[in-house]
There are 2 protein chains.
Amino acid sequence: MPDTTPKPKRELPRREQPRREQIHEVASRLFSERGYHATSMRELAGELGMQGGSLYAHISGKEDLLVQIVNRASQQFDEALLSLRDVNLPADEKLREAMHRHILVVADNMDSATVFFHEWKHLSPEAYTRVTGWRDSIDHFYRDLVTEGMRTGLFRPDLDVKMAALLILSTVNWTYTWFHPQGTLTPRDVADGFADMLLSGLRAR
Amino acid sequence: MPDTTPKPKRELPRREQPRREQIHEVASRLFSERGYHATSMRELAGELGMQGGSLYAHISGKEDLLVQIVNRASQQFDEALLSLRDVNLPADEKLREAMHRHILVVADNMDSATVFFHEWKHLSPEAYTRVTGWRDSIDHFYRDLVTEGMRTGLFRPDLDVKMAALLILSTVNWTYTWFHPQGTLTPRDVADGFADMLLSGLRAR
DNA sequence: CCTACCGATCGGTAGG
DNA sequence: CCTACCGATCGGTAGG
């Protein structure tokens with residue numbers, strides 16, 4: 001298919017993002033702060049310095065925007081975690097690394113992550129199914145990791161795999177509610193701290 | 001003509017239940033399924049078998065409904081946990097009990113809990129402040145619990161109190177996303193399983 | 001990207 | 001609790 005996108009009359013300065021990228025970013029912020037349905041296209045346009053109707057020169061509709069945000073978030077989780085599958089690491093170190101990557105994605109995309117966790121249920125059936133597939137694959141990743149740890153003798157042999165995976169997922173996902181990217185704690189700090197406690201337990205020896 | 005009215009998905013509102021109670025219940029369900037802003041007062045009225053305008057004979061406005069739901073949820077968390085403060089139990093057993101109560105509140109009010117976690121940021125300043133106060137007091141409760149465990153030698157002496165409290169809170173709060181009250185796992189199962197793993201760790205001895 | 005506009009629907013009210 | 005209605009605002013479109 002030929003590219004029918006109209007060429008801009010002049011090159012934008014390099015530090016300026018493409019308009020679509022700006023829209024994505026501002027939409028993520030507004031959707032996360034006010035919620036998807038509570039954000040009007042006119043508010044979004046206003047923050048971008050344009051009129052409401054002008055948005056539709058760049059996007060096809062409001063739902064399209066939500067789908068984009070959620071899709072890109074899923075994709076980032078996917079890339080971060082699934083590439084770890086084949087890495088040759090002991091299960092405990094792999095867990096630490098997975099949690100770090102997982103938290104990094106959340107921390108680097110606090111807005112999209114919030115939208116992702118809050119609005120994915122309200123997507124159209126098609127997009128909904130894709131997100132459900134993502135959730136399953138991430139869940140599967142952590143279950144496999146736990147299973148491997150048990151098989152290699154690094155993890156307790158009596159673990160409930162499903163519950164252990166849920167325990168891990170809870171801690172990394174919930175970061176979207178409290179983490180402050182500008183704070184003193186880095187994603188590395190959080191991942192290391194959480195992984196240590198999860199691996200060794202709170203109880204004194 | 002047969003009655004084609006769709007039956008309510010959960011429990012049939014009991015006839016002797018006050019109207020306000022029914023409204024609260026249905027509103028919780030709709031707000032949790034579709035989101036607060038995406039739910040119209042006419043949909044809510046429809047599910048209750050009345051016309052849109054008739055709702056206002058019972059409530060003062062839509063926001064009032066949200067405030068009620070969030071307030072009652074906060075209250076239930078408060079009652080469940082803060083009464084544990086003065087109970088004389090070793091820290092590990094108290095942790096298990098606190099997690100059980102916490103998860104029980106979520107499990108018994110999946111809809112309100114979802115609304116609570118998703119919409120509290122969108123409340124009016126007054127209600128927002130109250131919820132923030134609740135969050136702080138629950139956070140405080142878990143931090144005190146961890147501190148006590150360290151002081152009495154039951155917990156590792158090198159714990160980061162703040163991080164440990166966040167770890168615990170993550171696991172109990174996140175249950176609102178995956179727990180199924182009709183499933184085979186009971187809140188007791190989840191609390192015991194999670195508490196065991198948190199206390200003893202995933203690592204083999 | 002703007003102006004001007006569409007039908008639909010929103011939360012809420014008046015009067016019964 | 002209903003009927004009838006309000007002004008406001010919604011997402012989106014046409015034509016430039």
query = For B/Glu63, what residues pass the side chain to side chain contact (heavy atoms under 4.5 Å, CB included) criterion, not counting sequence neighbours?
reply = B/Tyr36, B/Val67, B/Leu123, B/Ser124
task = Could I get the full list of side chain to side chain contact (heavy atoms under 4.5 Å, CB included) partners for A/Leu48, not counting sequence neighbours?
result = A/Arg19, A/Gln22, A/Ile23, A/Val26, A/Leu44, A/Met50, A/Leu55
Taking only residues two or more places apart in sequence, or in another chain, which ones meet [X] in a ring-ring contact (aromatic ring centres under 6.0 Å, His included)?
X        : value
B/Tyr56  : none
A/Tyr176 : A/Phe117, A/His118
A/Tyr142 : A/His102

Separation of [N] [atom2] from [X] [atom1] (nearest whole Å):
X       : N      : atom1 : atom2 : result
A/Met41 : C/dC1  : CE    : C1'   : 15 Å
A/Arg34 : D/dC10 : CZ    : C1'   : 15 Å
B/Glu43 : C/dG11 : CD    : C1'   : 13 Å

task = List in numerical order all residues of residues 50-57 of chain B for which some heavy atom is under 4.0 Å away from an atom belonging to DNA chain C.
result = B/Gly53, B/Tyr56
ask   = Of all of residues 58-67 of chain B, which get a heavy atom below 4.0 angstrom from DNA chain C, listed by number?
value = B/Gly61, B/Lys62
List the residues meeting salt bridge (charged side-chain N to carboxylate O under 4.0 Å, His left out) with [X], not counting sequence neighbours, and say none if there are none.
X        : result
A/Asp144 : A/Arg85
A/Asp139 : A/Arg143
B/Glu21  : B/Arg72

message = Between A/Arg29 and A/Glu47 (salt bridge meaning N to carboxylate O under 4.0 Å), is one present in this structure?
response = yes
query = Would you write out the dot-bracket form of DNA chain C, 5' to 3', with Watson-Crick and G-U pairs under 3.5 Å, [ ] for crossing pairs, | for pairs to other strands and . for unpaired bases?
reply = ||||||||||||||||
Let me check something: any side-chain donor-acceptor pairs from residues 192-200 of chain A under 3.5 Å, sequence neighbours excluded? List them with distances.
| residue | atom | partner | partner atom | Å |
| --- | --- | --- | --- | --- |
| A/Asp196 | OD1 | A/Arg96 | NH1 | 3.3 |
| A/Asp196 | OD1 | A/Arg96 | NH2 | 3.2 |

task = Return the nearest nucleotide to the side chain of A/Ser40; candidates are C/dC1, D/dC10, C/dG11.
result = D/dC10
key: From D/dC5, D/dG11, C/dC1, nucleotide with atom closest to A/Arg42 side chain   = D/dG11
Reported CZ-to-NE2 distance for the pair B/Arg34 and A/His122, which is rounded to 0.5 angstrom = 10.0 Å
